[in-house]
Amino acid sequence: MECLYCFLGFLLLAARLPLDAAKRFHDVLSNERTSDYMREHNQLAGWSSDENEWNEKLYPVWKKEDPRWKNCWKGGHVRAILTSDSPALVGSTITFVVDLVFPRCQKEDVSGNIVYEKNCRNDIGPSPDLYVYNWTEEGGWGNSPNQHHHHVYPDGKPFPHHTGWKRCNFVYVFHTLGQYLQKLGRGSARVSINTANVTLGPQLMEVIVYRRHQHAYVPVAKVKDVYEVTDHVPVFVTMYQKNDRNLSDETFLRDLPIMFNVLIHDPSHFLNESAIYYKWNFGDNTGLFVSNNPTLNHTYVLNGTFSLNLTVQAAVPGPCPSPSPTPPKPTSPLSSAGDNPLELRETPDETCHINRYGYFRATITIVDGILAVNIIQMTDVLVPAPQPDNSLMDLVVTCQGIMPTEVCTVVSDPSCQITYNTVCDPVDVNTGDSCLLTVRRAFRGSGTYCLNLTLGDDRSLALTSALVSVPARDPASPSSMANGALVSVGCLAIFVTVITLLVYKKHKEYKYLIGNGTGIVIKGKGLNVFLNHAKALFCPGNQEQDPLLKHQPGTV
């Protein structure tokens, strides 16, 4: 009998050996085993248990240090980048995306093949080949019966023959929570899961990617990433204030409103049908503010440090739980049937709500700053001669708040698009308590300009803009008249000198003719004849209308 027990035990051990020798998904995809509790209570729709067997013959398994990883891809290494829209509110959908990054100068074409990019040089120079992997020519996705045996995933399930499946040359295997999902894809793959049954807290997603290799598959990349499922509404708050120089230091200005904008991270739009309320406590003894608007303005009127607290409440609609049965009341034989208590029943269309909360806290510092700036006067500055063509303007500027430490101007075209110049000057803070400054700036001649003027210090920056009209210089102004007279006298001297030299020669020839003729020279008209010849020399085309023709000399 004892030998019989030994023989039966040997048979049971032999029967178990093939199961123990077979690769399991959890052995290939993860070094950590998930507890039986996790496997039982975190079932994902469409996913399979990682206790299933893995077809290692069709999908080989390599350890991290295996040298075959170095030659699994032509021309370099393929990287897989895994991202998700984590964190996810429990009950919502979280999406994972895997993108393959091919070696330099390689890309995926419209047919799913991997080709070399044109005019791209990698470490070994331009490739004479067009294809890195021409899976279309290799075949393998044919319809012959003897080729169907490798159209399967690692667990033996056949590929889904959807439209364009023959252009999908990569197999992605996702693994999380003790379960896996297989997907046929191209250079990118996307998977979404509902988190209703996912344990709260950080979780791990792992992905292994295989490429087609004739009638088998070769691993090309592995990647993992942590995602988080939470029962708190993911909340972030942006804070903006006009004139605040640095919006990231949580230091703001007194007596200016701060705009608070609440951003809820809900990429799957899980909260679209939820009623959301925002409860604000600004920490300055102004009370509690409740609103259904994610944007709110608040002004601090005192300097100091304040604790901001925000609570977001979202009423998420969902099915109502089944009511607990109510025990029947004792009845007497005399009571009629109509007196029996009614049982509570769930109405099919009835919906209940589950309140989810999100929290945001911040410490805010309030200081004094420059609250506003205004240009109250613009005056044209009279420039003594000689000066360049630039025109000077004096700008009288006032501000509210503390004194600035610098003033900057940007002069642009009238559309405020093309910048001509930018000038910054320090401000003497000892000019007094009142903020009254005169800023002198040069402009490129007359015309209309766009002027941006800012007053700033370490914490604040106040801006104002204006269109500046620079007038043209008056030609009758003393400086213009002096310049004009100077130019006129100079030109006249040169003109007379040139005319004298030219006309003298002509007059000499003319006098020689007169001296040898019998004509009479009329006294007093020699100057007219001189000027007439001079004008004829420089203006020969208009002599018929010149009245000096009446005074030309003649002979008697």
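Side chains included, hydrogens not; waters and symmetry mates left out as well; all remaining heavy atoms used. In what follows, residues are counted from 1 in the order of the sequence shown.
Environment of OH in Tyr359: crowded, with over 12 heavy atoms of neighbouring residues, nucleotides or ligands closer than 6.0 Å.
With respect to Glu406 and Arg245, a salt bridge is recorded, a charged nitrogen being found less than 4.0 Å from a carboxylate O. Ion pairing of Lys222 with Glu206 is absent here, as no side-chain N (NZ or NE/NH1/NH2) approaches a carboxylate O to less than 4.0 Å. A salt bridge is absent between Asp457 and Arg459; no separation between the charged side-chain nitrogens and carboxylate oxygens falls under 4.0 Å.
Between Phe282 and the options Leu310, Leu288, Leu296, a side chain to side chain contact (heavy atoms under 4.5 Å, CB included) holds for only Leu296.
Atom CG in Asp109 sits 8.0 Å away from atom CG in Asn134 (nearest 0.5 Å).
Using a 3.5 Å distance cut-off with no hydrogens or angles, the side chains of Ser188 and Asp99 do pair a donor with an acceptor. Under 3.5 Å, the side chains of Asn52 and Tyr180 contain a donor-acceptor pair of N or O atoms. For the residue pair Thr286 / Tyr300, no side-chain donor-acceptor distance below 3.5 Å is found, with atom types taken as modelled. Side-chain contact of Lys279 with Ser291: a donor-acceptor pair under 3.5 Å is absent, judged by distance alone. Side-chain contact of Asp50 with Gln179: a donor-acceptor pair under 3.5 Å is absent, judged by distance alone.
The salt bridge (Lys or Arg N to Asp or Glu O under 4.0 Å) analysis of residues 283-307, with sequence neighbours excluded, yields no pairs. Residues in residues 84-95 take part in these side chain to side chain donor-acceptor pair (under 3.5 Å) pairs, two or more places apart or across chains: Thr95-Ser192.
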Run the numbers on Tyr116 and Gln106 for side chain to side chain contact (heavy atoms under 4.5 Å, CB included), then give the verdict. CA-CA 5 Å; Tyr116 289 103; Gln106 297 183 15; 4.2 Å; yes

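Seen from the ring of Tyr133, Lys74 counts as a face-on cation partner, given the 6.0 Å and 45° thresholds.
Every side chain to side chain donor-acceptor pair (under 3.5 Å) that Arg254 has, sequence neighbours left out, goes to Asn303, Asp368.
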